[in-house]
Amino acid sequence: MSETKSKKVILSGMRPTGRLHWGNYTGALENWNKLQDEYNCHFMVADWHVLTTALDKAKEIGHNSREMFLDWLGAGLDPEKSVLFIQSEVKEHAELNLILSMMISMGRLERNPTFKEQIRDLNMGNEISFGHLGYPVLQAADILVYKAHAVPVGEDQLPHLELTREMARKFNRIFGQVFPEPEPLVTKFSRFPGTDGKRMSKSLGNTIEISASPEQIIKKIKPAFTDPARLRKTDPGNPDICAVYTWYQKFAPDQVEETASECRSASRGCVDCKLKLADGVIEHFAPLRARRAEYENNPKQLDEIIAAGCERARAEAARTMEEVHKTMGIG
Ligand code: TRP
Ligand code: SF4
């Protein structure tokens, strides 16, 4: 425990909107896993954040938070090494959210590119809630309440991190130094393809879950996007434009070269190629599925892990808020 004190603090979060897929895994989870030894990591299920855009699915949030925990534990996030917790279990986030909401202008939030995109994509018009506009403020509270030094995020989250830094600066300037200005740790973003060849994303319906069973994996891989010019097995293929080939690079790296040459020389058909890949994927995720199932079959143990993580997070957040109260002279 004393060792963790000298390590830099990291916080990151994911919104629980359903089981995690290969894109979440390659874009974040796998990286989080690696960070656990080097940093004092905090990983948060951002359940309140789901309310900003998916109020219609609010009833599923509790269930999805547990599913997210199972995916995390399966993937190797270790409750002994890292603080794994659920946002809504730590009310200090809400208090700091309120305070930080005074440190930022409405105009600045309205100019947030993520916000503008969501309004356009979700066709929300003037149905936007106060809380949705304030999404980055809550995110800043998530980060600052643990005095995080670094935040592993995808590139899309950089504007939010910049806003976090601005709020921290303003607070520190007005009241006194409390918060470090957190740095982004940008996850090397490989655009990971879904079953249709477009970027894997839940909203496109092209995902494959990391917890998928061997049968489900095969079922999803079979109709996946390949080189569209390859109509017959005798047509030479171009692996560089094929989603299946990108999956090989990730999940069966020792077969990449052979696959590329057999594809180009038309000595391997797409159906065989996919079944071979499925074998690799099934093997890659077998330990994850086994670990996940262990916790799934032992809900009491899962409850205890979640409760212990939330307790640790609460203790740390409460310490920061004490400092905030003292520095502000109120609360
Ligand atoms: N906004 C992040 C996302 O959609 C989730 C999130 C919430 C988060 N709070 C955070 C990420 C704090 C990093 C730090 O992916
Ligand atoms: Fe893709 Fe394999 Fe078919 Fe080549 S043989 S196009 S790599 S699925």
Side-chain angles (χ1 to χ4, degrees), residues 9-17 20 23-24 27-29 31-32 41-54 68 85-88 90 93 96-97 112 114-115 117-118 132 134-146 148 150-161 163-164 182-187 193 195 197 201-202 221-249 252 255-278 280:
V9 176
I10 273 194
L11 179 124
S12 199
M14 287 185 193
R15 281 169 297 156
T17 52
L20 296 179
N24 305 128
L29 197 48
N31 181 44
W32 290 10
C41 290
H42 300 66
F43 298 123
M44 178 191 81
V45 177
D47 58 349
W48 275 337
H49 270 119
V50 179
L51 296 171
T52 58
T53 52
M68 179 161 273
F85 69 100
I86 298 176
Q87 183 183 38
S88 65
V90 187
H93 292 233
L96 189 55
N97 171 63
N112 164 28
T114 319
F115 179 71
E117 259 167 48
Q118 279 178 344
H132 187 179
Y135 186 111
V137 184
L138 182 58
Q139 183 162 348
D142 300 336
I143 297 166
L144 297 177
V145 88
Y146 302 99
V151 183
V153 283
E155 245 167 277
D156 60 315
Q157 294 290 311
L158 288 178
H160 287 168
L161 213 63
L163 285 161
T164 302
E183 303 283 342
L185 270 185
V186 179
T187 314
T195 51
S201 152
K202 209 173 167 210
I221 289 181
K222 265 190 182 162
F225 176 87
T226 61
D227 175 358
R230 226 185 148 196
L231 299 176
R232 263 157 281 136
K233 195 178 159 183
T234 47
D235 300 331
N238 177 6
D240 295 331
I241 57 167
C242 172
V244 178
Y245 184 64
T246 310
W247 297 342
Y248 265 99
Q249 292 169 342
Q255 291 175 52
V256 166
E257 271 173 48
E258 190 188 323
T259 302
S261 75
E262 291 185 11
C263 173
R264 289 204 169 93
S265 64
S267 55
R268 183 193 297 191
C270 291
V271 176
D272 291 341
C273 191
K274 287 171 170 173
L275 288 175
K276 232 178 167 171
L277 185 263

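Whatever order the structure lists them in is the order used to number ligands and atoms, beginning at 1.
For Leu161 against Glu183, the heavy-atom pair with the smallest separation is CD2-C, 3.7 Å.
Without hydrogens or angle criteria, Asn97 side chain to Ala141 main chain gives no donor-acceptor distance under 3.5 Å.
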Which protein N or O atoms sit under 3.5 Å from any N or O of ligand 1? Give atom names and distances.
unit_1, atom_1, unit_2, atom_2, d
ligand 1, 1 (N), Tyr135, OH, 2.7
ligand 1, 1 (N), Gln139, OE1, 3.0
ligand 1, 1 (N), Gln157, OE1, 3.0
ligand 1, 4 (O), Arg15, NE, 3.0
ligand 1, 4 (O), Arg15, NH2, 3.1
ligand 1, 4 (O), Tyr135, OH, 3.1
ligand 1, 9 (N), Asp142, OD2, 2.8

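Of the inter-residue distances, the one linking Arg15 atom CZ with Gln87 atom CD reads 11.0 Å to the nearest 0.5 angstrom. Atom CD1 of residue Ile10 and atom CZ of residue Phe43 lie 6.5 Å apart, to the nearest 0.5 angstrom. Expressed to the nearest 0.5 Å, how far CZ of Arg230 lies from SG of Cys263 amounts to 5.0 Å.
For Phe115 and His160, the distance between ring centers is not under 6.0 angstrom.
Distances under 2.8 Å from atom 3 (Fe) of ligand 2 pick out the protein N/O/S atoms Cys270 SG.
A perpendicular orientation is assigned to the rings of Phe85 and His42, their planes being inclined by more than 60° (bins at 30° and 60°).
Legend: side chain to side chain donor-acceptor pair (under 3.5 Å) pairs involving residues 258-273, not counting sequence neighbours, sorted by first then second residue: Asp240-Arg264, Tyr248-Arg268, Glu258-Lys276, Thr259-Arg268, Glu262-Arg268, Ser265-Ser267.
When the side chain to side chain donor-acceptor pair (under 3.5 Å) test is applied to Asn31, no partner is found at least two apart in sequence or on another chain.
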